[in-house]
**Q** 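Structure in structure tokens, see below.
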There are 2 protein chains.
Amino acid sequence: MGTGTRKVTLQTVADAVGVSRMTVSNAFSRPDQLSEELRVRILDAAERLGYVGPDPAARGLARGSVGAVGLLTASLRHTFSDEISTRFLGAIARELAPTGLALTLLPTAEPADAAPAWDVAVDGGIVYSCPPGSRSIERLRRRGVPLVHVDQPPDDDALAVNVDDRAGARAAAQHLLDFGHRRIGIVTVGLGDRAGVEARPPAELVATTAAHAPRQRLLGWLDALDAAGVRPVVARQPDNYVDTHLGARALLDASDPAASVDSVSGPASATGAVPGPRPTAVLCFSDAIAEGTLREARARGLRVPQDLSVVGFDDNGLAGWTDPPLTTVRQDVDAKGRAAVGALLDAIAARRVRAPGSPPVRPDGPPRRVVLPTQLVARGSTGPAPHA
Amino acid sequence: MGTGTRKVTLQTVADAVGVSRMTVSNAFSRPDQLSEELRVRILDAAERLGYVGPDPAARGLARGSVGAVGLLTASLRHTFSDEISTRFLGAIARELAPTGLALTLLPTAEPADAAPAWDVAVDGGIVYSCPPGSRSIERLRRRGVPLVHVDQPPDDDALAVNVDDRAGARAAAQHLLDFGHRRIGIVTVGLGDRAGVEARPPAELVATTAAHAPRQRLLGWLDALDAAGVRPVVARQPDNYVDTHLGARALLDASDPAASVDSVSGPASATGAVPGPRPTAVLCFSDAIAEGTLREARARGLRVPQDLSVVGFDDNGLAGWTDPPLTTVRQDVDAKGRAAVGALLDAIAARRVRAPGSPPVRPDGPPRRVVLPTQLVARGSTGPAPHA
DNA sequence: TGCTTGCCCTGTACCGGTACAGTAGCGGTT
DNA sequence: AACCGCTACTGTACCGGTACAGGGCAAGCA
């Protein structure tokens, strides 16, 4: 108990038992490398001396792997607010659990860049809804850490897991068209932080939308609408997880029942979105926004789906419980997590056999790229277009 | 490009530039230790050679800190399903972001104990709703890693952040009593995985409930109910995040309108919960369960609050949006996260000045222990007891 | 008896950095 | 000229482990 209590290390235990340091190491990390009897003796001595086990940092350095995978995501605030992101995280955690790997949430922000190049050791990384080219990602890539990109625009040869957002959105829009809707609104994100209605033409909106999912969904909606000659009214929904009705409010505010402009008249009016008759249906970026739209509709005395059809996206846990239950596009978030973790574990394993610090290129076969399907789930929030 | 491409390290760069290894290290980690001109030269050379920066594992070992804090939680599946846990995680992440520290989700499960003592390096840990005495926690504690316990039963001298669940629950129960309710149901978790009504006396239920929050809330409810001589009917809600109505269903199934037993008759009937008249009010462990209870009530044609009052707990994001809006007990999850991270950062800082591997005991002052208040939020889901 | 085999254990050589205590040079006092 | 205090860089000594290639020794086998 003197002041000179040096840190207890493998050596301390080795000396106490009278074996080599290596044997103590094996007692903890490779039980099959020594006799059971000696192992027990060592473990007892360790317990007695207060040795808790190999220091993870040192082990990580020596082994070249640390037992953790990183999650790179733009904003964690964001990630924990959105139900789909959260469920995705949960799926990852669930997949990782049996492997014993930890999940490290890496800060991508790098607030003051002056800060020391903070960097945490990981054996692999999942890049999720993260602006491509971020410095953290680049660093990991160059270091040869296996990365899996999820819901990201296709990068050069990188493992990727994506959802067929575009096809899902297309199906959603087609669903409305099949019901006879011709005046269709869109409420989506990624176009700015202030709610409002877009005057810009759709093509420009696509170009403006940087984030992957919003862009793909917009593309999908437009695929179907363009083919039908329908030009939608697009409203901006702020990236805000409580006021999910603001986009719908802007959309419905913009419609002037007195106006006679027919939005079916095609892409003629170059002025963009002008006040027109109220849409009879709304395509929403997410179920959360769709739910806000339902609230907004109710607040205005609009019946859903008689007066207004509403389509969501994701099929989150609430979609089936709203009133009316939400027609939406389902994505399998669990499958996404499974695929991501699976691919990552494969890549980590492959790296281990090949070379400890080998080049980041993958000479063998094409990079594994998964695209998960989406599926339209028709519920009660959509119905035939009302007679004009 | 030859096969002999050795790993690029500090030394590689040092040799290329013609300086000592230490100087290269400083160029990355302590820019003020060398002239700007040389630093630029070194950084350029590093870039050219493909050196990405100090290896985090090695740096962690040498520095004694890795730039990450751990989150120890019983089941991550659990943690990501519950909105309150999720928001707590978000709050932690938000607090951590400006510090540049990563958040590592440590697996507490240790499935096959035979697995190598998986252990990831962290500078500190937050223990959240985790069975006390878990091996991972114990290991970190003995290693001298600062830990903050959140929503955990008070441990021996450990930093702790708690919420005054008991007072909140007491207030909730008192609120019902003030409305004249005497037949009160409780739907809570932690009593088993099958929905049903408890026959055991309340005292035993308290003893059975191991998890901290469920126990404290139960204690709080009973504080008020006991004082009023009311004996509640307790229903078990499985720890299940989709079928949140099962507890309420069991509770309401158990009530037989024909029976004449009056639960106000005090703790006389030693047989425990017998079919009695339907409760006029329900105390729920969480808002999620309260929401399920609202659904169940509606499905049975019970009006809330005219026929049945419902109280939740937590004041989650949905509580204000249900129909009717939920009376609940608010806890400030953000404050909880802030307090936890604050205490942890203090402890980490304190450890650094004291000694790198000093004893885990804290000789100075009493351990910092925070208890955050709760607050009853009365909304529309509670009202006067109906006339019998 | 001699040779192989396999089990246990040990010695050496790293893993890739950082802390800390110098040392050299240099402009400026006294 | 001796002394001082700076700034800029260097050398050494770790940080606490693990991989891998032996080496001693008893059992198995011809």
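Quick note on labels: first sequence line is chain A, next is B, and so on, each numbered from 1. Keep in mind that this is a model prediction, so the values were computed, not measured.
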**Q** Separation of Arg21(A) atom CZ from dA19(D) atom C1', in whole Å?
**A**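 Taking atom C1' of dA19(D) as the reference, CZ of Arg21(A) is at 12 Å.
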**Q** To the nearest Å, give me how far apart CZ (Arg39(A)) and C1' (dC9(C)) are.
**A**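 The answer, rounded to whole Å, is 16 Å.
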**Q** Lys7(A) NZ to dC15(D) P: how many Å, rounded?
**A**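 Taking NZ of Lys7(A) and P of dC15(D), I get 10 Å after rounding.
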**Q** Could you check if a side-chain atom of Arg338(A) sits within less than 4.5 angstrom of a side-chain atom of Glu95(A), using non-hydrogen atoms only?
**A**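 A side-chain contact under 4.5 Å exists here.
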**Q** Mapping Ala58(B) and Asn26(B) to their closest nucleotides on DNA chain D, which lands nearer the 5' end?
**A**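 The residue mapped nearer the 5' terminus is Asn26(B).
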**Q** Tell me yes or no: between the side chains of Thr79(A) and Thr73(A), is some donor less than 3.5 Å from an acceptor?
**A**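 There is such a pair (donor and acceptor under 3.5 Å, judged by atom type) between the side chains of Thr79(A) and Thr73(A).
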**Q** With respect to the side chain of Met22(A), which nucleotide from dT10(C), dG17(D), dG17(C) is positioned closest?
**A**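 The closest nucleotide is dT10(C).
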**Q** Whole angstrom is fine here: how far is it from CZ in Arg63(A) over to P in dC14(C)?
**A**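 After rounding, the gap between these two atoms is 20 Å.
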**Q** Relative to each other, are the rings of Phe88(B) and Tyr128(B) parallel, tilted or perpendicular (30° and 60° limits)?
**A**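 Rings of Phe88(B) and Tyr128(B): tilted, 30 to 60°.
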**Q** With a non-hydrogen cut-off below 4.0 angstrom, is Arg30(B) in contact with a base, only sugar-phosphate, or nothing?
**A**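 Here Arg30(B) touches the backbone only, sparing every base.
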**Q** Determine: side-chain N/O of Ser20(B) to OP1/OP2 of dT10(D), distance under 4.0 Å, yes or no.
**A**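 Yes, Ser20(B) has a side-chain N/O under 4.0 Å of OP1/OP2 on dT10(D).
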**Q** Does Ser129(A) offer a backbone N or O that forms a donor-acceptor pair with the side chain of Gln152(A) under 3.5 Å?
**A**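 A pair under 3.5 Å: yes.
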**Q** On DNA chain D, check which nucleotide each of Val19(B) and Ala62(B) is closest to and give me the residue with the more 5' one.
**A**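 Nearest nucleotide further toward 5': that of Val19(B).
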**Q** Please report, rounded to the nearest Å, how far the C1' atom of dG6(C) is from the CD atom of Gln33(A).
**A**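 Taking CD of Gln33(A) and C1' of dG6(C), I get 12 Å after rounding.
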**Q** May I have the distance from Asp55(A) (atom CG) to dC15(C) (atom C1'), rounded to whole angstrom?
**A**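 So the CG-C1' distance, Asp55(A) to dC15(C), works out to 14 Å.
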**Q** Please give, in whole Å, the distance from dC14(D) C1' to Gln11(A) CD?
**A**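 Distance, rounded to whole Å: 14 Å.
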**Q** I'd like to know if Arg351(A) and Asp123(A) make a salt bridge, using a cut-off of under 4.0 Å between side-chain N and carboxylate O.
**A**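 Asp123(A) and Arg351(A): not salt-bridged.
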**Q** At under 4.0 Å between heavy atoms, what does Thr23(A) touch on the DNA or RNA strands: base, sugar-phosphate, or nothing?
**A**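 The answer is base, as Thr23(A) lies within the cut-off (heavy atoms under 4.0 Å) of a base atom.
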**Q** NA contact type, Leu34(A), heavy-atom cut-off 4.0 Å: base, sugar-phosphate, or nothing?
**A**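 Answer is sugar-phosphate: Leu34(A) comes under 4.0 Å of backbone atoms only.
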**Q** If the cut-off is 4.0 Å, is Ser35(A) near the phosphate of dC9(C), judged by side-chain N/O to OP1 or OP2?
**A**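 Answer is yes, contact under 4.0 Å.
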**Q** For Leu61(B) and dG16(D), what is the distance between atoms CG and P respectively, to the nearest whole Å?
**A**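 Computing the Leu61(B):CG to dG16(D):P distance gives 7 Å.
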